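Below, all heavy atoms of this structure are taken into account, side chains as well, without hydrogens, waters or symmetry copies. Note that this is a predicted model, so its numbers are computed, not measured.
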Amino acid sequence: NLRHNSIKFLAKNSFDNLDLNLISLHLDFNKIKYLNGSLRLLNSLKDLNLSNNLIEVLNQTREFSGLVNLRTLDLSGNLLKILNILNSFFKFESLRTLDLSNNPNLKIANCSLFFNKPFTTLLLRNSSNEILESVEFEKLSKLDVIDLSFNNFSYLKQKILLNNSA
């Protein structure tokens, strides 16, 4: 647990000497802007909390390439602007919960391939209207929980939450 430590920078080798059996890492409530590929060797990690930092950009696959067992990823409360799903998360077969809440300027690119994954929980609280336009909710047939609360949507497009699994 490294939360509330005012960490600003993670070097590429920050976690290289850590026990590779680490299953949970909490780096929330720091001042991290860049991950610099520092998490790439933590292939046993199942729970990663990076919420409430200053992360604006995730550098494609470099940030998460080794996290093949990740089940929960919390990126809420950051300053994310563009999340390129194809490059950032495409290999995550085990990811079940993704929290992108409280990223008010976030736009999602290439989301259709990503949402064929077996998600069960997607949290987009207090996000931008662009998210509602870009996410193909109808492809999220395995979702148990979706939270779109505290958004300023003026309309919902027709059949936006239609489940095609029937």
Side-chain angles (χ1 to χ4, degrees), residues 1-5 7 10 15 22-35 38-40 42 44-153 156 160-161 163:
N1 185 340
L2 293 168
R3 54 175 51 128
H4 293 281
N5 276 298
I7 298 169
L10 294 173
F15 301 106
L22 183 72
I23 60 169
S24 183
L25 180 58
H26 291 260
L27 289 162
D28 46 317
F29 294 98
N30 281 291
K31 297 177 182 177
I32 300 167
K33 283 188 171 186
Y34 307 102
L35 298 175
S38 59
L39 307 171
R40 73 198 182 292
L42 301 177
S44 294
L45 201 62
K46 291 183 180 185
D47 175 40
L48 177 58
N49 189 335
L50 292 165
S51 68
N52 299 293
N53 278 287
L54 301 173
I55 301 168
E56 292 183 19
V57 177
L58 293 174
N59 190 351
Q60 302 182 347
T61 57
R62 181 176 78 165
E63 308 303 354
F64 303 115
S65 62
L67 306 182
V68 294
N69 292 304
L70 196 64
R71 294 181 58 82
T72 302
L73 178 58
D74 188 345
L75 290 166
S76 65
N78 278 286
L79 302 172
L80 289 171
K81 293 180 181 173
I82 296 177
L83 190 61
N84 189 328
I85 296 296
L86 181 60
N87 293 327
S88 299
F89 303 110
F90 188 62
K91 297 179 181 178
F92 282 180
E93 295 296 333
S94 59
L95 191 64
R96 299 294 180 265
T97 301
L98 178 62
D99 191 346
L100 296 171
S101 301
N102 299 307
N103 281 287
N105 298 313
L106 180 63
K107 294 179 182 169
I108 298 177
N110 296 315
C111 67
S112 61
L113 289 173
F114 181 56
F115 292 124
N116 290 326
K117 304 298 181 197
F119 266 135
T120 57
T121 304
L122 179 61
L123 307 173
L124 295 168
R125 295 181 297 262
N126 194 29
S127 299
S128 66
N129 286 341
E130 287 85 3
I131 284 189
L132 191 64
E133 290 298 316
S134 64
V135 174
E136 298 176 36
F137 293 100
E138 65 274 8
K139 293 186 178 181
L140 298 170
S141 61
K142 296 188 181 350
L143 268 184
D144 293 325
V145 176
I146 185 169
D147 189 343
L148 296 169
S149 61
F150 299 102
N151 284 289
N152 192 23
F153 303 136
L156 292 176
I160 191 164
L161 298 176
N163 186 338

pair [X]-[Y]: side-chain heavy atoms closer than 4.5 Å:
{"X": "Leu67", "Y": "Leu73", "answer": "no"}
{"X": "Leu22", "Y": "Phe15", "answer": "no"}
{"X": "Thr120", "Y": "Val145", "answer": "no"}
{"X": "Leu79", "Y": "Asn105", "answer": "no"}

If you take all heavy atoms of [X] and [Y], which pair is closest and at what distance?
{"X": "Leu2", "Y": "Asn5", "answer": "O-ND2, 2.9 Å"}
{"X": "His26", "Y": "Asn49", "answer": "ND1-CB, 3.4 Å"}
{"X": "Ser94", "Y": "Asn69", "answer": "OG-C, 3.1 Å"}

Other residues, nucleotides, ligands: >12 heavy atoms within 6.0 Å of Ile23 CD1: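 Atom CD1 in Ile23 is not packed in, count stays at 12 or less.
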Heavy-atom donor-acceptor pair, [X] side chain to [Y] backbone, under 3.5 Å:
{"X": "Asn103", "Y": "Asn78", "answer": "yes"}
{"X": "Ser127", "Y": "Asn151", "answer": "no"}
{"X": "Asp147", "Y": "Ser149", "answer": "yes"}
{"X": "Asn30", "Y": "Asn53", "answer": "no"}

Measure the spacing between [atom1] of [X] and [atom2] of [Y] and express it to the nearest 0.5 Å.
{"X": "Thr72", "Y": "Lys46", "atom1": "OG1", "atom2": "NZ", "value": "10.5 Å"}
{"X": "Lys81", "Y": "Ile55", "atom1": "NZ", "atom2": "CD1", "value": "13.5 Å"}
{"X": "His4", "Y": "Phe29", "atom1": "NE2", "atom2": "CZ", "value": "5.0 Å"}
{"X": "Leu124", "Y": "Asn102", "atom1": "CG", "atom2": "CG", "value": "10.5 Å"}
{"X": "Leu54", "Y": "Leu80", "atom1": "CG", "atom2": "CG", "value": "11.0 Å"}
{"X": "Leu123", "Y": "Ser76", "atom1": "CG", "atom2": "OG", "value": "8.5 Å"}

Leu48 vs Leu42, side chain to side chain contact (heavy atoms under 4.5 Å, CB included): CA-CA, chis, key distance, verdict: CA-CA 10 Å; Leu48 177 58; Leu42 301 177; over 6 Å; no
Asp28 and Asp74: CA distance, side-chain angles, deciding distance, side chain to side chain contact (heavy atoms under 4.5 Å, CB included) verdict: CA-CA 9 Å; Asp28 46 317; Asp74 188 345; over 6 Å; no
Full working for side chain to side chain contact (heavy atoms under 4.5 Å, CB included) between Leu39 and Leu25: CA-CA 10 Å; Leu39 307 171; Leu25 180 58; 3.8 Å; yes
